[in-house]
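All remarks here apply to the structure that follows.
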2 protein chains.
Amino acid sequence: MSTVRELALKAKSASRQLAVLDTEAKNEALKAMAQQLLADAETILRANEIDLNNGQAAGLSPALLDRLALTPARIGDMVEGIRQVASLKDPVGEVIESWVRPNGLEIAKVRVPMGVIGMVYEARPNVTVDTCALCLKAGSAVLLRGSASALNSNRALVSSIKKGLSGTAVPVDAVQFVDTGDRGAVDEMLRLNGLLDLVIPRGGAGLIRRVVETATVPVIETGVGNCHVYVDKDADPQMALDIILNAKCQRYGVCNAAETLLVHRSIAPSWLPGAVRELTAAGVEVRGCPETVKLIPGVTPATESDYATEFLAPILAVRIVEDLAQALEHIQTYGTGHSETIVTADEATAAEFLQRVDAAAVYHNASTRFTDGFQYGFGAEIGISTQKLHARGPMGLKEITSYKYVVKGTGQIRS
Amino acid sequence: MSTVRELALKAKSASRQLAVLDTEAKNEALKAMAQQLLADAETILRANEIDLNNGQAAGLSPALLDRLALTPARIGDMVEGIRQVASLKDPVGEVIESWVRPNGLEIAKVRVPMGVIGMVYEARPNVTVDTCALCLKAGSAVLLRGSASALNSNRALVSSIKKGLSGTAVPVDAVQFVDTGDRGAVDEMLRLNGLLDLVIPRGGAGLIRRVVETATVPVIETGVGNCHVYVDKDADPQMALDIILNAKCQRYGVCNAAETLLVHRSIAPSWLPGAVRELTAAGVEVRGCPETVKLIPGVTPATESDYATEFLAPILAVRIVEDLAQALEHIQTYGTGHSETIVTADEATAAEFLQRVDAAAVYHNASTRFTDGFQYGFGAEIGISTQKLHARGPMGLKEITSYKYVVKGTGQIRS
């Protein structure tokens, strides 16, 4: 029997104990976990330093090294995150719907834990802690597979988490960690049908594609966001400016940042030059369609592939479109179904945009940056789904549960 | 470009028109479809005869030939089925939840069509018609792949359906049919990421396994049911007898039929011999554990593999268990997470069973045969999910939709 399968078997077995725990018991365990992480902060930081040194030696970019780095403050944030999850409503046991059939059968649709959730993720070690907190609270065991570059940090975090859980009602085996940088282990994990009820990949487009192509267990795709801001002819110019600046510049490396600006032809001459000036002043490189380049000398011409790119960087593609229909067509062609917004004062135009755009989150007069579990009020987020199955958009506790039908009878048989 | 991809592209394009149609328009199209099927009944029956003759020549079993066969009455049932779907509530556009954030953002979680649904199914041609009706009503286009043995029947049905749709608001291209018995076409279909939003396999365990192993698009597994009836020590003897006879014998070839009977040791001597007598009288072959064989001379000994088998036939495995814990362990080991029932007058025992059994549907004092979209009051059924992602148990219209977040602002940006 292989190691990854063994870990999953332990998780499966633990998930059965975990599934029937009450909220109090799970919250106690989360608090113990938080306490232990604080106590182990120094050990964790030392382990992180090994990863950082290895990363530097391997030539990781400063951005990646920053994502990898832990500090006492970041550990404090993780601990605070766990305590927040403890304070959230337990989704398990909720009666989603219930009804009585004419034959007297009482049917209840009851929220239940998923079972064992696999997480395959890159870089940031805080995902290790967030995932454990969210999955345990939602009653599921977890099998973690972080990136090789964070192996020492993740190992130290998991070891502390397990120490925290020991002595609580949550079985220590509910948290399992694939302690190897070997890629074969991921492939094996992705094919543990019957043991893993769900795998969530979190990371870049390459990781997500590899998981989708390899997995035979159910997967929820997350994250890739080629998001658009469409400035309609009836847009309030100042609002449009505020929104594109926020959607593009508030943070570059996130999936809900805007990557392409679409502008209605009739507002372009009056609005676009000023907007490009402000974007450029903010440090953004603008790449424009031929019409944009003609309108604003000095703008770099955009290529077809610019429209298809999730830059995650201070680069913005700009295209002037004839009308709403062309904007919709552009989004349909290049969008990844993540977050799309229209800026307009015309309610009918907005309604058509909101209805026709096929994305997890569609906005009217607001920044795409709001697609986020915390911003939506979920209190937590395990990822943002860009697929249509199971969960779409920000995923909180509820989105990592399943349900079952509980049916009570008095001897009913089927005729 | 390959043929299957071309079909899917057409379906995808049609799905965008279909997604924004109102209920009235979809119902009109369903009624036109029903009308046309009636008008084409003779052509359809002739096509079915070719399949039946081919099937006979190929040595298909009488049971399979019966599943394949169409009659005027069966066509009438399909037509009636379409009309019933037309009368069901349209799930699309339902506001599942809505709330306002402290910053004034209005967030609505709105039910939307899935997009394009692929169906890979075996034998029964009525699945062709049911699937079209359900998917179109739920606003999704459909790509159909029936079995080679029903190729002529399905081709005639699809041709009639498309004729019925022409002249209605539902685009004819919303129904696509993979018109080949070639298996490579299925594999291609299962990897159309970005074009197929969901694939549902309906058929035997082999088909479902192949789909799960091959697909890179999201899949909902359906159907395999190794279901148990557990007769507790506190069971009402007559109720227990009625339920096992119904769960085993009311129909053999269905996924919600019982395949194994578990009996508490303390009720076995008084109850089991009579139950086995009745089951045998009903034509069921009983295969028992050593204790059962000792108790009831003449019973065939059960093998380990009998417990793991979905017989779909008049065969029943019987095992005497020590207590509830052993019953739960047996179900955990051999069950497929479909439907499980306990017969007991003890509420505490029932509650523990209902909570601990991890299955799509868990019953107390009722037959497993009720796991069915019609029996649950959904008015329709596209399959029964045995996975935990997206939908579990009977799937009606709602279960083949997705949702999106529609967010309305007044210029909100993220700080």
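All chains are named by letter (A, B, ...) in the order of the sequence lines, taking the proteins before the strands, and each is independently numbered beginning at 1. The shown structure was predicted, so the numbers you read here are calculated from the model rather than taken from an experiment.
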Heavy-atom cut-off 4.5 Å, strictly under: side chain, backbone, both or neither for A:Ala247 against chain B? neither

Between A:Met239, A:Arg392, A:Arg369, the one whose heavy-atom pairs under 4.5 Å with chain B are most numerous: A:Arg392

What part of A:Val219 gets closer than 4.5 Å to chain B, counting heavy atoms only: side chain, backbone, both or neither? backbone

Less than 4.0 angstrom from a charged side-chain N to a carboxylate O is my criterion; do B:Lys404 and A:Glu340 meet it? no

side-chain contact (heavy atoms from CB on, under 4.5 Å) with A:Phe374: which residues, sequence neighbours excluded? A:Gln84, A:Asp372, A:Glu381

Part of A:Gln355 within contact of chain B (heavy atom distance under 4.5 Å): both

Interatomic distance, B:Asn103 atom CG to A:Gln375 atom CD [nearest 0.5 angstrom]: 7.0 Å

With a 4.5 angstrom heavy-atom cut-off, is it the side chain or the backbone of A:Ile342 that approaches chain B, or both, or neither? neither

Pick one of side chain, backbone, both or neither for B:Ala359, based on which atoms fall under 4.5 Å of a heavy atom in chain A. backbone

CG of A:Leu105 to NE2 of B:His364, rounded to nearest 0.5 Å, is 12.0 Å

Please classify the contact of A:Val357 with chain B as side chain, backbone, both or neither, using a heavy-atom distance under 4.5 Å. backbone

Count the heavy-atom pairs under 4.5 Å between each of A:Ile243, A:Leu245, A:Val110, A:Thr371 and chain B, then report the option with the highest count. A:Ile243

What parts of residues 406-415 of chain A touch chain B if we use heavy atoms and a cut-off under 4.5 Å? A:Val406, A:Val407, A:Lys408, A:Gly409, A:Thr410, A:Gly411, A:Gln412, A:Ile413, A:Arg414, A:Ser415

Please determine, among B:Glu221, B:His390, B:Glu106, the option with the most heavy-atom pairs under 4.5 Å with chain A. B:His390

Sequence neighbours excluded, which residues qualify as ring pair (Phe, Tyr, Trp, His ring centres under 6.0 Å) partners of A:Tyr405? A:Tyr403, B:Tyr376

To the closest 0.5 Å, what do you measure between CZ (B:Arg209) and OG1 (A:Thr216)? 12.0 Å

Is any side-chain heavy atom of B:Lys388 closer than 4.5 Å to one of A:Leu198? no

Relative to chain B, which of A:Met114, A:Lys109, A:Arg101 shows the most heavy atom pairs under 4.5 Å? A:Arg101

Closest-packed option against chain B by number of heavy-atom pairs under 4.5 Å, given A:Thr401, A:Val212, A:Thr214, A:Asp358: A:Val212

Select one option (side chain, backbone, both, neither) describing which atoms of A:Ala391 are under 4.5 Å from chain B's heavy atoms. both

Heavy-atom pairs under 4.5 Å with chain B - which of A:Asp236, A:Asp242, A:Val362 has more of them than the others? A:Val362

For chain B, which residues from residues 329-338 of chain A lie under 4.5 Å away (heavy-atom distances)? A:Gln332

Does the side chain of B:Leu389 come within less than 4.5 Å of A:Asp197's, by heavy atoms? no

Against chain B, label A:Ala361 side chain, backbone, both or neither, depending on which of its atoms sit under 4.5 Å from a heavy atom there. both

Among A:Val343, A:Thr368, A:Leu354, A:Val217, who wins on heavy-atom pairs under 4.5 Å with chain B? A:Leu354

